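Everything on this sheet refers to the single structure shown next.
What's counted below: heavy atoms across the whole structure, side chains too, no hydrogens, waters or symmetry copies. Being a predicted model, the structure only gives us computed values, none of them experimental.
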Amino acid sequence: MSGRALYYQVAMALLLCLHMLKVQAKDDYTLEVGAGFTAGQLPEYLGSPDDYEFVLPFPYIYYQDDSLTIAQNTLKDQLYTIGPFELSLSASGAIPVKSRTGSLRDGMPDLGWVGELGPALEYKLSPQLTLALQVRKAIGFESSSFSDVGWHSSTRLMWHNSLSLHKLGDLILHSELSIDHADSHFHQYYYGVDTNYQTSDRAYYAAKSGINNMALSAGLTWRYKQLWLGLYAKYFNLSKAANEASPLLIEHNQLSAGIAFSWIFWTNKRGDNE
């Protein structure tokens, strides 16, 4: 539902196509497809004083089988489950950033799309509460070329609760407390200033590994027949960020928020009648 929503959904659709090639006729799965719109705002990158405001088409894709779950901004490929522990693959991404005239990055190279993929280990504390550790490799996509953006990790405490509103549909509430870390290579991509790009207002800076941000988020989704609605808000705190001294990191308190709705026009369930 954020500005990354379109990026997520395209990536998920590609993964889903690959995954469906493996699905056997006996496998049970649920696939739903819809379309709508999403709107909101988020920082161009964490620490930037500029926000990205958007209104975008929202391709709704929901898929679930025994191992893979794709739902809005969530991609999860379950590998192993042992008791309360679950090991899976997860993915994320970030939108491009243009180095516009007058911005902090004026005269610097644009930042391209960034895709992240890696393992996630979850521990179920209770039916509603989960502790997760995610480690992802980040790859940049710029002008038909790829670049190594480094490593990004996150420790998350996640809560969710599903409520039935009976004739008014179903409601899912969720919140999350997280702290993210990254290596110096990842931070250099966003906060480093090489000697070629230093100016009187932008000093040379070599990024360090360490804390990227701390965040608190909350949201809800509501499903009524073929209508799906989602709301979210996320607060970022960068006061303890390892690269607080970077001339490209100005804002220490930031907010991302958005809304999305979709009409689900196609549903395919396999296994219900077998």
Side-chain angles (χ1 to χ4, degrees), residues 2-8 39-56 92-118 134-155 178-217 233-258:
S2 67
R4 304 177 182 180
L6 192 58
Y7 169 88
Y8 278 120
Q41 66 86 29
L42 75 162
E44 287 194 341
Y45 62 88
L46 290 182
S48 169
D50 299 315
D51 287 337
Y52 173 56
E53 297 178 348
F54 58 89
V55 178
L56 295 170
S92 184
I95 61 175
V97 177
K98 295 293 185 182
S99 300
R100 302 184 309 276
T101 301
S103 70
L104 291 179
R105 298 187 57 85
D106 186 2
M108 299 182 67
D110 295 338
L111 302 180
W113 293 96
V114 174
E116 300 182 19
L117 180 68
Q134 301 170 337
V135 180
R136 293 167 172 158
K137 181 63 178 177
I139 301 294
F141 307 90
E142 305 139 5
S143 302
S144 302
S145 63
F146 299 91
S147 61
D148 180 4
V149 181
W151 292 89
H152 183 200
S153 67
S154 181
T155 303
S178 64
I179 179 169
D180 286 20
H181 292 76
D183 65 4
S184 58
H185 199 53
F186 184 93
H187 283 150
Q188 183 69 20
Y189 186 75
Y190 289 100
Y191 305 119
V193 179
D194 293 336
T195 54
N196 293 340
Y197 303 112
Q198 66 182 26
T199 66
S200 57
D201 298 321
R202 186 173 61 210
Y204 167 82
Y205 186 80
K208 303 176 290 185
S209 61
I211 293 176
N212 180 272
N213 75 88
M214 295 177 286
L216 176 64
S217 66
K234 188 168 185 177
Y235 164 73
F236 299 94
N237 184 287
L238 285 78
S239 60
K240 301 297 183 182
N243 296 280
E244 183 186 10
S246 168
L248 302 179
L249 197 162
I250 301 298
E251 298 293 335
H252 295 86
N253 297 280
Q254 293 184 292
L255 181 67
S256 173

Grab the two heavy atoms, one from [X] and one from [Y], that are nearest each other, plus how far apart they are.
{"X": "Val114", "Y": "Ala138", "value": "CG1-CB, 4.0 Å"}
{"X": "Gln188", "Y": "Ala207", "value": "OE1-N, 2.8 Å"}
{"X": "Ile179", "Y": "Met214", "value": "CG1-CG, 3.8 Å"}
{"X": "Leu255", "Y": "Gln41", "value": "O-NE2, 2.8 Å"}
{"X": "Ser209", "Y": "Ser184", "value": "CB-N, 3.5 Å"}

Heavy atoms, side chains only, cut-off 4.5 Å: are [X] and [Y] in contact?
{"X": "Asp51", "Y": "Pro43", "result": "yes"}
{"X": "Ile211", "Y": "His181", "result": "yes"}
{"X": "Asn213", "Y": "Gln254", "result": "no"}
{"X": "Ile95", "Y": "Trp113", "result": "yes"}

With sequence neighbours excluded, what pairs up with [X] under the side-chain contact (heavy atoms from CB on, under 4.5 Å) test?
{"X": "Ala241", "value": "Leu238, Leu249"}
{"X": "Ile250", "value": "Pro49, Leu104"}
{"X": "Asp148", "value": "Lys137, His185"}
{"X": "Ala242", "value": "none"}

[X]: side chain to side chain donor-acceptor pair (under 3.5 Å) partners, not counting sequence neighbours:
{"X": "Ser239", "result": "Asn237"}
{"X": "Tyr189", "result": "Glu142"}
{"X": "Asn243", "result": "His187, Tyr205"}

TODO: Could you walk me through whether Val149 and Phe141 pass side-chain contact (heavy atoms from CB on, under 4.5 Å), step by step?
DONE: CA-CA 10 Å; Val149 181; Phe141 307 90; over 6 Å; no
Once salt bridge (Lys or Arg N to Asp or Glu O under 4.0 Å) is applied, what residue pairs with a partner in [range] remain, sequence neighbours excluded?
{"range": "residues 178-192", "answer": "none"}
{"range": "residues 193-205", "answer": "none"}
{"range": "residues 93-112", "answer": "Glu44-Arg100, Asp50-Arg100, Lys98-Asp110"}
{"range": "residues 239-258", "answer": "none"}

With sequence neighbours left out, the residues meeting ring pair (Phe, Tyr, Trp, His ring centres under 6.0 Å) with Tyr190 are Phe186
Rounded to the nearest 0.5 Å, the CG atom of Leu111 sits from the OG atom of Ser99 at a distance of 6.0 Å
d(His152 NE2, Ser92 OG) to nearest 0.5 Å is 7.5 Å
From the list Asn212, Asn253, Leu46, Leu216, side chain to side chain contact (heavy atoms under 4.5 Å, CB included) partner of Phe236 resolves to Leu46
